[in-house]
Amino acid sequence: QAQLVESGGTLVQPGGALRLSCVASGFTLDYYSIGWFRQAPGKEREGVSCIFTNDGSEFYVDSLKGRFTISRDNARNTVYLQMHSLKPEDSAIYYCAADQSLLTCPEINSSGYLKLFGIWGQGTQVTVSS
């Protein structure tokens, strides 16, 4: 059964850094779009970043470029999200999701983007607070 498991979420101070991990099981990350998303209380889930697992091409929502970096380690079947200069407004549950298509990531700033992903993890909580 295909599964994604996120980890690495924790309490971090403003200005701090954090790396989240998304481990896939039941399938190999050969030709997938893997996206990171987040959902804050009372808000809709939103896309954060996306990566092609075949060549590592990276995609970001415009508002988060420069602070977040996505990467992958296909040997470990894992995708990472490195976050820097964290702000309280970055507090949310962070999810990863997979779509077996290399057409998905470029849609990251489009409406309906979330619906393209069929495999979702359970999420990991990130809290940015002093």
Side-chain angles (χ1 to χ4, degrees):
Q1 182 179 358
Q3 285 187 320
L4 296 170
V5 177
E6 305 92 337
S7 64
T10 189
L11 172 66
V12 61
Q13 291 190 341
L18 200 60
R19 189 179 79 162
L20 306 181
S21 299
C22 170
V23 179
S25 62
F27 66 104
T28 56
L29 295 179
D30 292 332
Y31 290 91
Y32 277 82
S33 292
I34 303 295
W36 280 100
F37 302 80
R38 67 185 184 182
Q39 187 167 18
K43 295 189 177 181
E44 293 186 352
R45 192 171 300 187
E46 61 178 359
V48 172
S49 183
C50 192
I51 191 167
F52 287 157
T53 57
N54 63 325
D55 66 2
S57 296
E58 304 168 27
F59 300 82
Y60 300 92
V61 293
D62 294 337
S63 60
L64 294 175
K65 285 181 180 177
R67 293 197 300 122
F68 289 14
T69 303
I70 193 171
S71 62
R72 97 289 191 208
D73 183 342
N74 285 12
R76 298 179 184 272
N77 235 27
T78 301
V79 172
Y80 303 98
L81 183 69
Q82 179 71 52
M83 304 183 290
H84 295 280
S85 302
L86 285 163
K87 306 174 182 179
E89 52 263 42
D90 294 318
S91 297
I93 299 175
Y94 283 72
Y95 301 88
C96 64
D99 181 50
Q100 195 173 10
S101 167
L102 299 182
L103 300 176
T104 309
C105 286
E107 301 301 316
I108 192 169
N109 289 299
S110 303
S111 61
Y113 169 67
L114 274 69
K115 297 179 181 179
L116 299 175
F117 290 84
I119 305 171
W120 288 83
Q122 294 300 305
T124 185
Q125 176 72 51
V126 173
T127 302
V128 184
S129 175
S130 56

Arg38/Leu64 under side chain to side chain contact (heavy atoms under 4.5 Å, CB included): CA gap, chis, key distance, verdict: CA-CA 12 Å; Arg38 67 185 184 182; Leu64 294 175; 3.9 Å; yes
Min side-chain heavy-atom separation Trp36-Val79 under 4.5 Å: yes
Test item: Asp62 side-chain N/O and Asn109 main-chain N/O as donor-acceptor pair under 3.5 Å: no
Sidechain-backbone polar pair: Ser91 side chain, Val128 backbone, donor-acceptor under 3.5 Å: yes
Pair Ser33-Phe59, side chain to side chain contact (heavy atoms under 4.5 Å, CB included): steps then yes or no: CA-CA 10 Å; Ser33 292; Phe59 300 82; over 6 Å; no
Enclosure of Glu44 CD (heavy-atom neighbours >12, cutoff 6.0 Å): no
pair Arg67-Met83: side-chain heavy atoms closer than 4.5 Å: no
Leu20 with Val12, same ILVMFWY side-chain cluster at under 4.5 Å: yes
Intermediate values then yes/no, side chain to side chain donor-acceptor pair (under 3.5 Å), Glu58 and Tyr60: CA-CA 7 Å; Glu58 304 168 27; Tyr60 300 92; 2.6 Å; yes
Glu6 side chain vs Gly123 backbone, donor-acceptor pair below 3.5 Å: yes
Any donor-acceptor N/O pair, Thr28 side chain to Asp30 backbone, under 3.5 Å: no
Cluster overlap Ile51 with Val23, hydrophobic side-chain contacts below 4.5 Å: no
Test item: Arg45 side-chain N/O and Ile93 main-chain N/O as donor-acceptor pair under 3.5 Å: no
Atom CD of Gln125 with >12 non-hydrogen neighbours under 6.0 angstrom: yes
Aromatic centroids of Trp120 and Phe37 separated by under 6.0 Å: yes
Atom of Arg72, atom of Asn74 and distance for their closest heavy-atom approach: CG-OD1, 2.9 Å
Same apolar cluster: Leu11 and Val126, side chain cutoff 4.5 Å: no
Hydrophobic cluster membership, Val5 vs Phe27, 4.5 Å side-chain cutoff: no
Exam field: side chain Asn77 to backbone Leu29, donor-acceptor pair closer than 3.5 Å: yes
Phe52-Ile119 co-clustered via ILVMFWY side chain contacts under 4.5 Å: yes
Test log, rule side chain to side chain contact (heavy atoms under 4.5 Å, CB included), inputs Phe68 and Val61: CA-CA 10 Å; Phe68 289 14; Val61 293; over 6 Å; no
Audit row: Thr104, Tyr113, side chain to side chain contact (heavy atoms under 4.5 Å, CB included) steps and yes/no: CA-CA 8 Å; Thr104 309; Tyr113 169 67; 4.1 Å; yes
